[in-house]
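Just so you know, ligand 1 is whichever comes first in the structure, and atom 1 is the first atom listed for that ligand. Positions are given from 1, in the same order as the sequence printed here.
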Amino acid sequence: MMLRSTQRTADIVSTVPPLRLVFARAFQGGTFKSNPQSRGGPKRSNDRRPSAAGPSSGAPVRRGLPVSASSLYGESSYRQEERPNKGHHPRTTNRQLAKLPIAQPLEPFTDKARHVRHPKSQPFTPQTYPLPKVTAETEALSSPKPFDSFLMIPKLLDLMHQKYGVTGKTTPVQSLSLNHFLPSFPAPARVLLGGETGSGKTLAYLLPLFHHLKTTDPKGLPANIGPFLTPEQRKRNEEILLPRSIVLSPTHELNRQSTAFAKTLCHHVKLSVVGMSDTKFSGVGYRTGPLDVLLGTGNSMRKVLGLDKEWSREEEDANPSWMQRDKRYWNDDSVQRKYAKGKQVLMRNLDRKAFVGVDNVDWVIIDEADVLLGPDFAAETLSILNHIHVTRPSANFVLVTATVPPSLMHLLRTDPLLSSIPFTQLVSPGMHKLPKMLEARFVPRSNSGNLLTDVAHELSRVIAEDGVARRLKGRAGEWVEKSKIIVFCNSDLKVKQLSQILDERGMSNLAWTGDNGVRIRGKNGVLGTFLLSPDSGLKRPPKKEKDVDEVDPILEQVDAEVDAILDAEAAAEAEADEDLSEEERDELLSLLNGGENSGQGNYEVIDGEEMLRQLDETADDDILTPESRLGEREPSSKISNIDVVSTPSASESSEGLLEAKTPRILITTSLLSRGLDFAPSVSTVVLVDKPKDVLDFVHRAGRAGRAGRPGRVVVFGMGDGKDKGKSAGRLGKGVEEVVGQVTTGRLHRRAT
Ligand SMILES: Nc1ncnc2c1ncn2[C@@H]1O[C@H](COP(=O)(O)OP(=O)(O)OP(=O)(O)O)[C@@H](O)[C@H]1O
């Protein structure tokens with residue numbers, strides 16, 4: 001009897017994974033021994049039928065079963081009628097016992113053993129999901145057209161004419177999007193909008209969004225916004241913010257830039273926009289009632305929607321960023337009264353941990369969808385989509401991306417919500433290609449072995465090269481802004497190390513990492529000097545024109561004042577961008593030459609043409625073009641009057657003089673590789689470390705060469721230098737071939 005009972009216990013223990021684990025662990029140490037043969041034998045361990053041969057016929061023996069184990073399952077765990085012989089078992093004699101095989105000791109419990117018994121499921125091998133073929137129809141739909149070929153509202157059309165001129169044309173991805181959404185579209189929309197970096201995807205989703213928000217007939221509006229509100233709706237309007245559209249971005253920097261751009265456009269078309277510009281969400285806290293567009297990162301959106309249960313009031317209170325911002329005003333008696341109501345709303349919402357209702361949401365735009373629906377963020381993003389879908393099943397979803405990895409396509413086909421309505425893929429023919437005007441340059445590892453010194457050296461060359469080009473253009477009557485460079489590293493530590501090296505060389509730079517103070521305060525700050533201004537090309541709207549749907553003017557004023565203070569702080573961090581004055585230059589020259597009258601200096605002021613001429617004389621004519629000669633030259637011992645090329649010895653003495661200049665070099669990580677629209681002055685992207693994969697490469701490189709402008713990407717530590725100066729055409733081909741097949745893994749050599 002005891003034997004049968006222990007047999008079953010051991011069988012259960014050995015086959016049901018969690019139990020087996022518990023028991024194996026509990027009995028490790030020697031008291032419990034089981035015979036492994038019994039598990040692999042013909043009698044299936046989960047087979048509850050009694051053996052016809054009876055309990056003693058070849059049944060393995062378990063010796064030393066602790067009392068606790070038998071009492072745990074006990075005899076009562078068997079129903080009486082299931083027992084063989086209805087519970088009457090012949091007593092096992094000592095002789096019978098002696099004939100039974102001796103139990104073999106159980107193999108010690110190891111991870112390996114566990115792995116063998118429960119092999120992990122096969123790793124996910126993504127299928128490849130080819131992008132839609134570029135057909136004659138796609139070509140036609142994506143061909144650039146004048147903006148007035150689409151039936152958008154006149155105010156939007158005016159804006160486009162202002163920005164890109166009356167002869168301006170849409171980009172391919174904008175044509176695809178406008179053709180699909182205007183004047184009407186099959187609702188609810190499920191659209192995947194794809195185009196290469198810098199191809200104008202922001203407008204490709206904002207134009208149809210604004211058009212439809214603006215043209216929706218007020219009678220057809222959700223009840224909370226319509227003119228005839230019930231008392232409940234009125235109450236809800238007073239309690240909570242009710243956006244009609246939501247735009248999600250992966251980073252605060254991108255969110256702030258998109259918000260600034262959307263606000264600029266909305267000043268003209270009269271739509272209300274709120275961006276959760278803070279790393280927390282003070283911008284939303286005060287506000288209630290209808291709103292047209294709410295922008296935020298996935299995380300902040302989850303918080304304001306009340307989906308982030310982890311978030312606590314204490315955490316918010318402890319955060320100095322928004323508390324400082326608020327206290328600055330609330331400690332002032334005269335304004336305190338004015339904001340009492342706003343404060344009340346904020347505090348109440350903080351307590352109930354939900355600021356935003358989805359009752360009116362008609363549009364959800366997911367920018368950089370391959371990140372937000374990628375392995376790291378998919379769960380959070382899907383929780384937002386599901387939350388909205390429950391209340392607003394008719395909401396339109398638009399996914400925007402420059403790269404479509406198979407994991408995204410897989411999700412679109414397998415996720416219950418996303419697969420419920422197939423996504424229409426509006427993908428521009430240039431998708432998965434590098435921008436046409438991007439030149440690639442490979443810098444092999446130097447023998448010195450000091451990568452960061454090599455990088456500093458290369459940066460000097462790039463600055464000198466751009467300086468000469470700028471000077472030559474200036475002579476031809478074209479004013480060109482000083483060029484800027486973005487350097488991507490793989491770690492914050494390397495960003496800081498490189499920044500230090502450049503500081504030591506007197507090369508003013510901005511190191512931007514996740515823990516950057518300005519970033520945490522909720523501003524892009526001095527980073528703004530690298531970004532394209534949101535209102536570039538647009539006339540400023542008249543001051544008195546106030547947005548009709550805009551929120552409380554007092555709160556707007558608060559925002560404006562806060563912005564002014566934060567801007568002033570940012571400005572203090574970055575002094576004005578000016579050329580060296582005559583005086584400064586002379587001083588610098590004197591320093592570099594070891595003192596005014598030392599007579600030992602090798603430095604002089606030369607202009608760009610002279611620099612080119614001198615370089616021409618020394619360069620190897622067979623290999624290099626006049627432009628690339630600059631790049632091949634050792635750091636100059638001259639100071640051009642355009643840009644300063646510093647050497648270590650120069651930098652030591654000139655440090656103080658140069659550091660006040662606005663940084664022309666931005667050093668960062670992949671944090672800034674997504675979506676940000678950098679100013680045309682950003683001529684070059686430098687990749688210090690190998691990007692994580694080819695997608696990462698495409699996005700980093702794509703910060704230059706935007707909107708059809710020329711740009712260059714300098715890749716360190718790859719190639720043998722022979723690829724120098726090769727155009728992006730060949731490079732792009734490689735990228736195109738592999739980019740759609742990458743989920744994770746190493747960067748493909750061919751793609752770089
Ligand atoms: N029709 C157009 N004509 C000329 N320039 C345009 C047009 N549409 C957009 N641009 C410009 O192209 C630049 C890049 O636009 P945008 O930032 O939207 O690119 P993107 O495709 O979103 O890039 P990324 O993939 O890096 O996010 C912007 O400076 C924008 O002003």
**Report entry** Selected option - heavy-atom contact closest to atom 8 (N) of ligand 1, from K145, K163, Q174
**Finding:**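 Minimum heavy-atom distance to atom 8 (N) of ligand 1 goes to Q174.
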Query raised in the report: Between D696 and R700, does at least one N-O distance fall below 4.0 Å, as a salt bridge requires?
Result: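 Looking at D696 and R700, the cut-off is met.
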Tell me, which protein residue and heavy-atom name are nearest [atom], and how many Å apart are they?
{"atom": "atom 27 (O) of ligand 1", "answer": "G675 CA, 3.0 Å"}
{"atom": "atom 12 (O) of ligand 1", "answer": "A707 CB, 3.2 Å"}
{"atom": "atom 21 (O) of ligand 1", "answer": "K201 NZ, 2.7 Å"}
{"atom": "atom 7 (C) of ligand 1", "answer": "Y164 CZ, 3.6 Å"}
{"atom": "atom 28 (C) of ligand 1", "answer": "D677 OD2, 2.8 Å"}

Just jot down the ligand 1 atoms closer than 4.0 angstrom to any heavy atom of [X], in number order.
{"X": "L532", "result": "29 (O)"}
{"X": "S199", "result": "19 (O), 20 (P), 21 (O)"}
{"X": "T202", "result": "16 (P), 17 (O), 18 (O), 22 (O)"}
{"X": "E196", "result": "21 (O)"}
{"X": "E368", "result": "27 (O)"}

Taking atom types as modelled, is there a side-chain donor on [X] or [Y] under 3.5 Å from an acceptor on the other?
{"X": "T251", "Y": "R674", "answer": "no"}
{"X": "S245", "Y": "D362", "answer": "no"}
{"X": "E196", "Y": "S428", "answer": "yes"}
{"X": "T297", "Y": "N255", "answer": "no"}
{"X": "S419", "Y": "R413", "answer": "no"}
{"X": "D370", "Y": "T401", "answer": "yes"}
{"X": "S483", "Y": "R470", "answer": "no"}

Report task. May I ask you to establish whether R703 and F678 are in a cation-pi arrangement, using a distance under 6.0 Å from NZ or CZ to the six-membered ring centre and at most 45° from the ring axis? Result ->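 Pair R703/F678 does not count as cation-pi.
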Gap separating the [atom1] atom of [X] from the [atom2] atom of [Y], nearest 0.5 angstrom:
{"X": "I667", "Y": "N509", "atom1": "CD1", "atom2": "CG", "value": "4.0 Å"}
{"X": "M409", "Y": "T414", "atom1": "CE", "atom2": "OG1", "value": "11.5 Å"}
{"X": "I246", "Y": "L209", "atom1": "CD1", "atom2": "CG", "value": "11.5 Å"}

So is [X] close enough to ligand 1, meaning a heavy atom under 4.0 angstrom away?
{"X": "G198", "answer": "yes"}
{"X": "G195", "answer": "no"}
{"X": "K169", "answer": "yes"}
{"X": "R703", "answer": "yes"}
{"X": "R674", "answer": "no"}

**Report entry** Parallel, tilted or perpendicular, as decided by the 30° and 60° cut-offs, for the rings of F185 and W363
**Finding:**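 Correct class here is tilted.
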If we set the cut-off at 4.0 Å for heavy atoms, which region of [X] has an atom near ligand 1: side chain, backbone, both, or neither?
{"X": "A402", "value": "side chain"}
{"X": "Y205", "value": "neither"}
{"X": "T170", "value": "backbone"}

**Report entry** N/O separation below 3.5 Å, G200 to ligand 1
**Finding:**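 Yes: some nitrogen or oxygen of G200 is under 3.5 Å from one in ligand 1.
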**Report entry** Test of proximity, T197 against ligand 1: N or O pairs below 3.5 Å
**Finding:**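 No, since none of the N or O atoms of T197 sits under 3.5 Å from an N or O of ligand 1.
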